[in-house]
Amino acid sequence: MRVLVQRVSSASVSVENRVVGAVRPDRQGLLAFVGVTHHDDVGKAQRLAEKLWNLRILTDEKSASDVNAPILVVSQFTLYADTAKGRRPSWNAAAPAAVAEPLVGKFAEALRALGARVEAGVFGAHMQVELVNDGPVTVMLEL
């Protein structure tokens, strides 16, 4: 499982021109793109959620848990793209939807169980993501 985290001053995800999740521009938050591979499990999703919740990348080295920052979770299988050969990425390392969808859901649930204010995109949908990366700060989380 990979989580590409961006510190944002605002972010939103839309499906069919309707906003389904957002970090409003009134405060700093995190945008978490989540990719799942074949060997991932619920335990890994929970550990990554804890790592994200406590990651000190907000202003003044604060974490989302310190300031109750909102977190927008967006599934993104393309985090497992293999571009080593040719010009067309291979998606073989990305888990199929039947495996990935529940684990992305468990990741968001684990964040909520920790006390996070979580909004999310729609798994498998064609989404438009808008964001203002603050810093810019972008970090890849893996276990």
Quick one: closest heavy-atom pair of [X] and [Y], and the distance?
X	Y	value
G29	L58	O-CD2, 4.2 Å
P102	A97	CD-O, 3.9 Å
G35	D40	O-OD2, 4.3 Å
A32	L52	CB-CD2, 3.9 Å

Discussion item. I'd like to know if K106 and E109 make a salt bridge, using a cut-off of under 4.0 Å between side-chain N and carboxylate O.
Written reply: yes

Practice prompt. Output yes when R56 and E61 qualify as a salt bridge under the 4.0 Å nitrogen-oxygen rule, no when they do not.
Written response: no

Under 4.5 Å between side-chain heavy atoms, hopping through other hydrophobics if needed: is there a path connecting [X] to [Y]?
X	Y	value
V67	V8	no
V20	F123	no
L48	V118	yes
L55	F107	yes
V36	M127	no

Fill in: Side-chain H-bond candidate by donor/acceptor type, S9 with Q28, under 3.5 Å
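Looking only at side-chain atoms, Q28 and S9 do not form any donor-acceptor pair under 3.5 Å.
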
Find the distance between [atom1] ([X]) and [atom2] ([Y]) and round it off to the nearest 0.5 Å.
X	Y	atom1	atom2	result
L72	E119	CG	CD	7.0 Å
E130	S12	CD	OG	4.5 Å
R2	E142	CZ	CD	4.5 Å
I71	R117	CD1	CZ	9.5 Å

Is any side-chain heavy atom of [X] closer than 4.5 Å to a side-chain heavy atom of [Y]?
X	Y	result
T37	H39	yes
V73	F33	no
L141	V5	yes
K51	L143	yes
N54	D66	no
R87	K85	no
R24	S10	no
V13	V19	no

Under a 3.5 Å distance rule, please check whether [X] uses its side chain to pair with a backbone N or O of [Y] as donor and acceptor.
X	Y	answer
H126	E16	no
Y80	M1	yes
D41	G43	yes
R88	T83	no
R7	V137	no

Item to complete: Answer yes if the ring centres of W91 and F77 are under 6.0 angstrom apart, and no otherwise.
Response: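 Between F77 and W91, which both carry aromatic rings, the centre distance is below 6.0 Å.
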
Worksheet item: Hey, which of T138, V132, V74 is the one that makes side-chain contact (heavy atoms from CB on, under 4.5 Å) with L31?
Response: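 Filter result, single survivor: V74.
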
Worksheet item: Taking it one step at a time, do S75 and V104 satisfy side-chain contact (heavy atoms from CB on, under 4.5 Å)?
Response: CA-CA 7 Å; S75 62; V104 172; 4.1 Å; yes

Worksheet item: What's the verdict on side-chain contact (heavy atoms from CB on, under 4.5 Å) for Q6 and L30, showing C-alpha distance, side-chain angles and the deciding distance?
Response: CA-CA 6 Å; Q6 295 189 318; L30 300 173; over 6 Å; no

